[in-house]
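Protein chains get the first letters and strands the later ones, always in sequence-line order, with residue 1 at the start of each.
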Number of protein chains: 2
Amino acid sequence: MSAAESAVETIQREMTIFARRARASAGRMHPELSLVSYTLLGHLEESGGCRSTDLAAHYALDKSTVSRQVAALERAGLIERRLDPEDHRVQVLHLTEAGQEILAQVTHSRRAAFRERLTDWPEEDLVRFAAYLERYNAGPGDASD
Amino acid sequence: MSAAESAVETIQREMTIFARRARASAGRMHPELSLVSYTLLGHLEESGGCRSTDLAAHYALDKSTVSRQVAALERAGLIERRLDPEDHRVQVLHLTEAGQEILAQVTHSRRAAFRERLTDWPEEDLVRFAAYLERYNAGPGDASD
DNA sequence: GGATTCTAGTTGTATAGTACAACTTGAGCC
DNA sequence: GGCTCAAGTTGTACTATACAACTAGAATCC
């Protein structure tokens, strides 16, 4: 097996390990905010408010799934819906203050966990690793982010 | 924000994107073998047979979860149980021939998907990317693989 | 300008994966 | 032989998810 083939093997294996771990630990780390909820809140912050349908399209989730997630986030007081005055079918979702706070907290603690894991890495390696990941994810597959 | 901090941000974001995608697409790619089942079969192959309890410990899953997964895999004819003659509480799990075949197929198609995604990468970058991932996963976190 | 068709979102129903707790069965140890 | 420990199963519940059917509002088309 060539060096390139063996590297592909390794990348596959390690990415799979990472995915499994992320899935297993996501719920335990932040019982108040599942990985999906966190991602949705994050997207709302970045986008400055968007529709349920946009979230579904962006993350390749069914609209019913998003609808229930959104309902839960609203029940928890983390987001609010504003009826679009132009089109009454549309509900534009926004973070509440509480939502912004929780998102900031979770982001902070997630960031801390990553940083700790990467603490010994020279800056040069961090930058290169980040570039590789971006390149990998930006690849020709599903453009889901 | 320093270059290192911004790289950590990027790594966190891109790893999260990857994990979400893997989770979303795993079921669709191989309807006959979920990501968990695939991982369990893979471990059985690597280890050459082990106990249900070992799988649970290794992947930080509850023994009841593994019990049901194993039952499904047995129902599907992909693994078989052999009673440990030394200790009749213990069932040693082994891949059947059918299990080996399916595992090989799924491994092959997963590998093809990865390879396609990485097809334009120079060998040097593949090798470095693989090394970074290994280093990341080998870090001080949970040693779940 | 009313009927038809499209779109946003909700609700009903089903499934997979998971955890926790209670239980069963066999092993090991005074 | 009778406690205690270990391996695994089963009951129950919850979360995330999808698909399909539905509701309500918007847009379009004679």
Side-chain angles (χ1 to χ4, degrees), chain A residues 19-41 44 49-76 79-94 142 144, chain B residues 16 19-41 44 49-76 79-94 144:
Chain A
R20 184 167 40 65
R21 282 188 189 167
R23 180 147 155 280
S25 68
R28 289 181 257 263
M29 266 174 62
H30 306 287
E32 76 281 13
L33 209 55
S34 75
L35 185 57
V36 178
S37 300
Y38 173 74
T39 310
L40 296 184
L41 287 191
L44 283 183
C50 69
R51 301 176 306 165
S52 194
T53 303
D54 298 334
L55 293 175
H58 200 83
Y59 295 114
L61 292 169
D62 192 79
K63 58 187 177 167
S64 67
T65 301
V66 173
S67 174
R68 291 181 224 269
Q69 292 283 341
V70 162
L73 288 172
E74 190 189 24
R75 235 178 289 121
I79 66 176
E80 61 183 15
R81 313 171 188 230
R82 303 185 194 151
L83 260 187
D84 184 338
E86 312 268 295
D87 184 342
H88 278 202
R89 292 170 307 180
V90 171
Q91 303 171 0
V92 183
L93 308 172
H94 293 269
D142 46 18
S144 74
Chain B
T16 305
R20 183 166 42 65
R21 282 188 188 165
R23 179 149 158 280
S25 69
R28 290 181 256 264
M29 267 175 59
H30 306 289
E32 75 282 13
L33 209 56
S34 75
L35 185 56
V36 177
S37 302
Y38 173 74
T39 311
L40 296 184
L41 288 191
L44 284 182
C50 71
R51 302 175 306 164
S52 195
T53 303
D54 298 333
L55 292 175
H58 199 82
Y59 295 114
L61 292 169
D62 191 79
K63 58 186 176 168
S64 66
T65 300
V66 174
S67 172
R68 292 181 224 268
Q69 293 283 340
V70 163
L73 288 172
E74 191 190 24
R75 236 178 288 123
I79 65 176
E80 61 183 15
R81 314 171 188 232
R82 303 187 194 149
L83 261 186
D84 184 339
E86 312 268 294
D87 183 342
H88 278 202
R89 292 171 306 179
V90 171
Q91 304 171 359
V92 184
L93 308 172
H94 293 269
S144 74

Trainee: Would you please confirm or rule out a distance under 4.0 Å between OP1 or OP2 of D:dG8 and any side-chain N or O of B:R51?
Mentor: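 The answer is no; no side-chain N or O of B:R51 sits under 4.0 Å from OP1 or OP2.
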Trainee: Counting only side-chain heavy atoms from C-beta out, which of C:dT18, C:dT11, D:dT17 sits nearest to A:S67?
Mentor: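 Closest nucleotide to the A:S67 side chain: C:dT11.
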Trainee: Tell me whether the side-chain N/O atoms of A:S64 come closer than 4.0 Å to OP1 or OP2 in D:dA20.
Mentor: no
Trainee: Rounded off to whole Å, could you give me the CG-to-P distance for the A:L83 and C:dT10 pair?
Mentor: 11 Å
Trainee: Specify the separation, in whole Å, of atom CG of B:L55 and atom P of D:dT9.
Mentor: 12 Å
Trainee: Tell me the interatomic distance from B:E86, atom CD, to D:dA6, atom P, rounded to whole angstroms.
Mentor: 19 Å
Trainee: Rounding to a whole Å, what distance do you find between A:R89:CZ and D:dT28:C1'?
Mentor: 12 Å
Trainee: Measure the shortest side-chain to side-chain distance between A:L93 and A:E74 over non-hydrogen atoms and say whether it is less than 4.5 angstrom.
Mentor: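 When only atoms from C-beta onward are counted, A:E74 and A:L93 do not touch, as no gap falls below 4.5 Å.
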Trainee: Using only side-chain N and O atoms of B:Q69, determine if any of them is under 4.0 Å from OP1 or OP2 of C:dA16.
Mentor: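 Answer no for this pair, as no side-chain N or O of B:Q69 is under 4.0 Å from OP1 or OP2.
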Trainee: Does C:dG9 have its OP1 or OP2 closer than 4.0 Å to a side-chain nitrogen or oxygen of A:T53?
Mentor: yes
Trainee: So, taking the atom named CD1 in A:I79 and the one named CG in A:L41, what distance separates them when rounded to the nearest 0.5 Å?
Mentor: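 That separation rounds to 7.0 Å.
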Trainee: Using the side-chain contact (heavy atoms from CB on, under 4.5 Å) rule, pick out the option among A:T53, A:D54, A:L55, A:V36 that qualifies with A:V66.
Mentor: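 For A:V66, the side-chain contact (heavy atoms from CB on, under 4.5 Å) check succeeds only for A:L55.
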Trainee: Between D:dA7 and B:S52, is there an OP1 or OP2 to side-chain N/O distance shorter than 4.0 Å?
Mentor: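 The answer is no; no side-chain N or O of B:S52 sits under 4.0 Å from OP1 or OP2.
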Trainee: Please figure out whether A:P85 or A:D62 has its closest DNA chain D nucleotide nearer the 5' end.
Mentor: A:D62
Trainee: Under 4.0 Å between a side-chain N or O of B:T65 and OP1 or OP2 of C:dA19?
Mentor: yes
Trainee: Should B:R81 be listed as having a side-chain N or O under 4.0 Å from OP1 or OP2 of D:dT9?
Mentor: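 For D:dT9, OP1/OP2 do have a side-chain N/O of B:R81 under 4.0 Å.
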Trainee: Separation of A:D84 atom CG from C:dG9 atom P, in whole Å?
Mentor: 10 Å
Trainee: Return the value, rounded to whole Å, for the distance between atom CG of A:L61 and atom C1' of D:dC19.
Mentor: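 Between C1' of D:dC19 and CG of A:L61: 14 Å.
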Trainee: Are any side-chain N or O atoms of A:D87 and backbone N or O atoms of A:D84, one a donor and one an acceptor, separated by less than 3.5 Å?
Mentor: no
Trainee: Return the 5'-most residue of the pair A:K63, A:R68 with respect to DNA chain C, ranking by each residue's nearest nucleotide.
Mentor: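 Closest to the 5' end, via its nearest nucleotide, is A:K63.
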Trainee: Whole angstrom is fine here: how far is it from CG in B:D87 over to C1' in D:dA6?
Mentor: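 From B:D87 CG to D:dA6 C1': 8 Å.
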Trainee: How far does CG of B:L61 sit from CD of B:Q69, to the nearest 0.5 angstrom?
Mentor: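 Here the rounded value is 8.0 Å.
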Trainee: Return the value, rounded to whole Å, for the distance between atom CD of B:E74 and atom P of D:dG8.
Mentor: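 Roughly 13 Å, once rounded to whole Å.
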